[in-house]
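Everything on this sheet refers to the single structure shown next.
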Amino acid sequence: MLHEILTVILLAPLVGAMIAGLFGRQIGRAGAHYSTIAGVAISAVLSFYVFWLYVFQGATEYNAALYTWMVSDGINFQIGFMIDKLSATMMLVVTFVSLMVHIYTIGYMDHDEDYSHDNPYYQRFFSYISLFTFSMLSLVMANNFLQLFFGWEAVGLVSYLLIGFYMKRESAIQANLKAFLVNRVGDFGFILGIAVVFVYFGTMDYKEFFAQLTTQKDVMIEIIPGVEWSMITVMLILLFIGAMGKSAQMPLHVWLPESMEGPTPISALIHAATMVTAGIFMVARLSPAYELSEVALSVVLITGALTAFLMGLLGLIQNDIKRVVAYSTLSQLGYMTAALGASAYAAGMFHVLTHAFFKALLFLAAGSVIIAMHHIQDIRQMGGLKKYMPITYWSMLIGSLALIGFPGFSGFFSKDSILLSLQATDRFGADFAFILLMMGVFVTAFYSFRMFFIVFHGEESEYVKTHKIKESPLVVTIPLILLAIPALLMGLPMIEPMLNGSYFAEAIVIKPENDTMMWVYNNYFHGALDMIIHSFVTLPVILALSGVALAWFMYIKQPNIPGKLKQMCPRGHYVLENAYGFDRLNEIVFVNGTRKLGQFFTRWVDVKLIDTGMVTNTFMAIAHSANGLRRTQTGYMYHYAFVMIFGLLGMLIWVLW
Amino acid sequence: MNFVIPSFAPAIPEITLLILASLILVADTFWSKRFQNATYYATQASLLVAGYLVLSSFSVEQVFTFNDSFVRDSFADVLKLFTVAITLGIFLFAREYLVQHRFMSGEFFVLGLFGVLGMFVMISANNFITMYLGLEIMSLAMYAMIALRKYDGVAVEAGMKYFVLGALATGMLLYGFSMIYGATGTITFPEMKAVIASGEADGIVLAFGVVFVVIGLAFKMGAVPFHMWMPDVYHGSPTAVTLYLGTAPKLAGFAMVYRLLYEAMPGLVGDWQQLIIIISILSMVIGSIVAIAQDNLKRMLAYSGIGHVGFLLLGVIAATDDGFSAAMFFIIVYAITGVAGFGMITALSRTGFEFDRVADFKGLNAKNPWLALMMLIVMFSMAGIPPFVGFWAKIVVIEEVVKAGFTWIAVIAVITAVISAFYYLRVVKSMYFDKSEIQGPVEIISPALHWGVSFVAILLLALGLLPGSLIDLCYLSI
């Protein structure tokens, strides 16, 4: 029975996507809405059942093949399910957020200029988001690396399609190309990592892979002659490079801010709640392997911490409402990654969950503002929107408070458990990472409320005064309300089982000496309410509140300060404005370098060596010999007879020699 | 001395064919003016009768008769059936050609029928004399057919070349026969095998004999360096005759190779295998390279035929039952493909226009897309591109030669196959991508030819998709 339910969960969005995608013209706009929403709703309801079965009933892990694609050389390539608390939770998040986004999209796209009512390509949008849901589900439900990779690539593809959905805008096309290419870099590492698994473990199956870890853990490999590396470490770092691409860790983060070129619902679904968490999920899923390599975990930890702090700083100067949220996503992804690096996989996943809800909420609220502002996204043109759009205002407030970790909100529990775990670990780089994350808390609070104050409380701009601003329709506000509930409340009941490890239980494997969360649980934790009360005197909350206060002071109380600051240290502003020059670096080194390299290979290797040297010369040699040999066919009979006799003599000599 | 009446039963198809052919020969002189097509129909009917007789008495047992000079086994029966089937197709195409080119004459069919008789005898030969007899019946018929258009200088020259060089080769073959007879004291194949196995025969004399026999075989099959006649003869003959020369006799030629080398002289494999390797490689290389330089499609197909003989000999090199089975499959496929290829030229040629240059095929797709598609299938099959049957033909012989441990020969074979793809694809390119030089009307061919060409070409595809039964048949009959 479970098997059939899982199959339906996986395939229902695919069916919806196929109906909307292939028969979009026939079924029209409403048909596309209904078919895809029905598919995702079925998945969401059944996912909830599975979630209930696993998290509340404590069902045992389910691991089975759905269908075998091929068996080659004794290795099974199959589609299968591995369902435990980890994947059940992810399934629920994916389908729930996706359902909200589906509904919200109806309202959001209704006013879109690029896709007016008579544009039949509009239906593709629904097809894509359902297809995305299918891809993400196959990623999280996978029981083997092949299917993981399939889902991995499929979400990348759909994200490419959706970022470039406004295909007539050049910036959108540039952005989706960039996202695709940057993800290729990550995926290259990822597939190399899978190749290592393939070569050394001879299986694609998670379970068989885990079972062999103990025997394989001391294998050394030589990639550069004379230097030996642990095979496990190399494999894990390669896999993590894949995660860096998908989860936008530095330096592969450059695609995510630009992905905001896509329609806002997509930013909520893909670039906040689901796809970007694929990397985090993958590391948590492979926790038995990551536990074996301190080096790999340190790499994860430091990458995460750097991303969390540096990307947060960039949020300070953004003026596009979606970009502010995008940089906060980058920064939060850094927190999750850092948690993984501290062996606090559960804390990382916990933050994935809370973040999925409050970030989807923030994005959709931002989208609601954008709808009200008639698709203007610059926050300097907004201001004082509070009185026009109360629902959006309150949901944005809840999302922001959850984001900065205000005590009691969901984000507070997950972020605090990350910070506490980081304090507890003594892994290489942990102190450094802890300091970065602490500063990050302040920065997060500052930029979140900077945007919040400017948009909702600041002085009304010319645009707001001259245009009629009104609250968004119900299809938009209902998802906001539905998302606000978990963003507000879900942390409270979950913190205890998360910390003591009972929530994910056997889905996540941690070595006892690395179990920082357990240590936190034993030494600090005295119940969730106590944690809230106690927190007001701890550093993170003080930092967060002072960030809010500073934002209020600088943007409401004394709005001329930011301009002065900018004048005072132009260099700092320049650095931030150019996002530390990653784009410039990529352009100069990688883009131009690749082009130069490409030109070199075209001109010398392809044209000269292959085309002229090998192909044409071979051809010419054959053509010359053909013309030469052709002349032996003189037409004179005595020549022919001579050749025959000659052949006879040659053969006689050959045989009798 | 006792005279025992031999059992005629195994040779009934041959005897019937002889009687019918003789009757048609006589009848043709009487009716040819009034019933132009009577000879044609009578010939086709005779072939059907012969085919029926073979099929109805099909047996997997080996039967000897005429004092062990004649053998009937499943190998012989399968080859005879395919000979009949292929000849039926040849005559179908040939008739239209003869009518179009205004030399429709009964002799063509009668001679063709006698040629088939010769092939039957060769296929069933069990001693040197029968083999020689069959070969000469077939060859004499072919010499005459080539020069049938007696005012055509090129055709007469081709016939003359083939006759003189053929006589030279036959002389060598007979010389080889006589030496082996001298060394073993027998002309019957099974006895010969036993004597050679016993080691009583003189090795040097046998080796000499084998060289001459192999040369005779190489000439008849058209293998390098005894291939020089092929391009000239294929080119010089009327296309209908080329169609005949290039297909059915190959089956008989293969039977000759099988009977002589594998049934009579397996003990001398050390001697002939070396020779066959040289001949095979030379044939593949020369066949594939020189074909590139040809503008005339018939000449090109002649070189392609030389290359194919090289491939056929790969199966012979393996010198095993499976090897010969693979070679048998290969030669049957080759004969069918040949009918399709030469048949296509025959079908497209019309009065005063041979349609045998590669350039003539330019823009065929624009004029007659269906025929272009059929020609594409034929060319792809010859080049050995899956899913057409030519691919399977090549792969089975290559597989056998690899199994026999000659991987390096397989490598050469594959390289030559790649080279040869060039000129097959050039025809395809001409049809699809070049503009026709002649501003002519749509190429129209008669319905019979249209169906005939389509049938054979689609057969190549069908056999390529389902090659199993034909391959099994070949593997079971050896």
Side-chain angles (χ1 to χ4, degrees), chain A residues 67-77 146 199 601-657, chain B residues 154 157-158 160-165 167-169 172 175-176 203-204 206-212 214-216 218-219 223-232 235-236 268 270-272 274-275 277-279 282 285-294 299 302-303 415-416 418-419 422-423:
Chain A
Y67 133 86
T68 301
W69 180 33
M70 61 173 182
V71 180
S72 172
D73 212 8
I75 295 170
N76 254 322
F77 296 92
L146 187 78
V199 170
F601 277 110
T602 320
R603 197 168 301 155
W604 296 101
V605 178
D606 198 49
V607 175
K608 285 262 155 66
L609 185 70
I610 296 176
D611 280 4
T612 316
M614 291 156 81
V615 178
T616 314
N617 281 354
T618 311
F619 168 75
M620 291 303 281
I622 292 174
H624 278 304
S625 49
N627 278 322
L629 287 169
R630 181 191 198 177
R631 293 207 190 95
T632 60
Q633 193 78 20
T634 51
Y636 295 116
M637 200 155 60
Y638 57 90
H639 283 168
Y640 297 179
F642 172 75
V643 171
M644 283 174 69
I645 302 295
F646 194 75
L648 167 73
L649 283 176
M651 287 189 164
L652 280 174
I653 291 166
W654 177 274
V655 168
L656 300 176
W657 199 255
Chain B
V154 182
E157 182 193 329
M160 198 62 195
K161 273 181 187 162
Y162 189 33
F163 178 67
V164 173
L165 294 173
L168 186 61
M172 289 180 185
Y175 190 54
I204 299 277
L206 281 177
F208 247 95
V210 164
V211 171
F212 281 98
V214 167
I215 288 171
F219 179 85
V224 180
F226 311 99
H227 66 290
M228 310 286 274
W229 61 274
M230 274 201 25
D232 290 5
H235 182 200
L268 300 176
D271 290 326
W272 58 256
Q274 304 256 322
L275 298 176
I277 288 175
I278 299 170
I279 290 176
L282 282 176
V285 171
I286 300 281
S288 58
I289 289 180
V290 182
I292 288 175
Q294 306 302 323
R299 272 189 106 79
Y303 281 104
I415 291 172
T416 60
V418 171
I419 295 174
F422 173 82
Y423 53 83

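Reckoned from all heavy atoms, side chains included, excluding hydrogens, waters and symmetry mates. Residue numbering restarts at 1 for every chain, and letters A, B, ... go by the order of the sequence lines. Predicted model, so just to flag it, every value in this text is computed and none were measured.
The distance from the CD1 atom of A:I645 to the CZ atom of B:F226 is 8.5 Å, given to the nearest 0.5 Å. Atom CG of B:L165 sits about 6.0 Å away from atom CE of A:M644, to the nearest 0.5 Å. With rounding to the nearest 0.5 angstrom, the CE atom of B:M228 is 5.0 Å from the CD atom of A:Q633. Rounded to the nearest 0.5 Å, atoms CD1 (B:I286) and OG1 (A:T632) are 7.0 Å apart.
Taking chain A as the reference chain and counting heavy-atom pairs below 4.5 Å, the highest number among B:I204, B:I292, B:V164, B:L282 is found for B:V164. With chain A as the partner, the residue from B:F422, B:W229, B:F212, B:W272 showing the most heavy-atom pairs under 4.5 Å is B:F212. Comparing A:L656, A:L629, A:L648 by heavy-atom pairs within less than 4.5 Å of chain B, the highest count is held by A:L648. Across A:G650, A:G635, A:G647, the residue that shares the most heavy-atom pairs under 4.5 angstrom with chain B is A:G635.
Of the two parts of B:I215, only the side chain, counted from C-beta on, holds a non-hydrogen atom closer than 4.5 Å to a non-hydrogen atom of chain A. Contacts of B:M172 with chain A are made by side-chain atoms alone, with heavy-atom separations under 4.5 Å and no backbone atom involved. Residue contact with chain B, scored on non-hydrogen atoms closer than 4.5 Å, involves the side chain of A:F619 exclusively. At a 4.5 Å heavy-atom cutoff, B:A291 makes no contact with chain A through either its backbone or its side chain. In this structure, chain A has a heavy atom under 4.5 Å from the side chain of B:I279, while its backbone stays farther away.
At distances below 3.5 Å, not a single donor-acceptor pair connects side-chain atoms of A:T612 with backbone N or O atoms of A:L609.
Only one option out of B:M230, B:Q294, B:R299 pairs with B:H235 in a side-chain contact (heavy atoms from CB on, under 4.5 Å); it is B:R299.
Using a 30° and 60° split on the angle between ring planes, A:Y636 and A:Y638 fall in the parallel class, below 30°.
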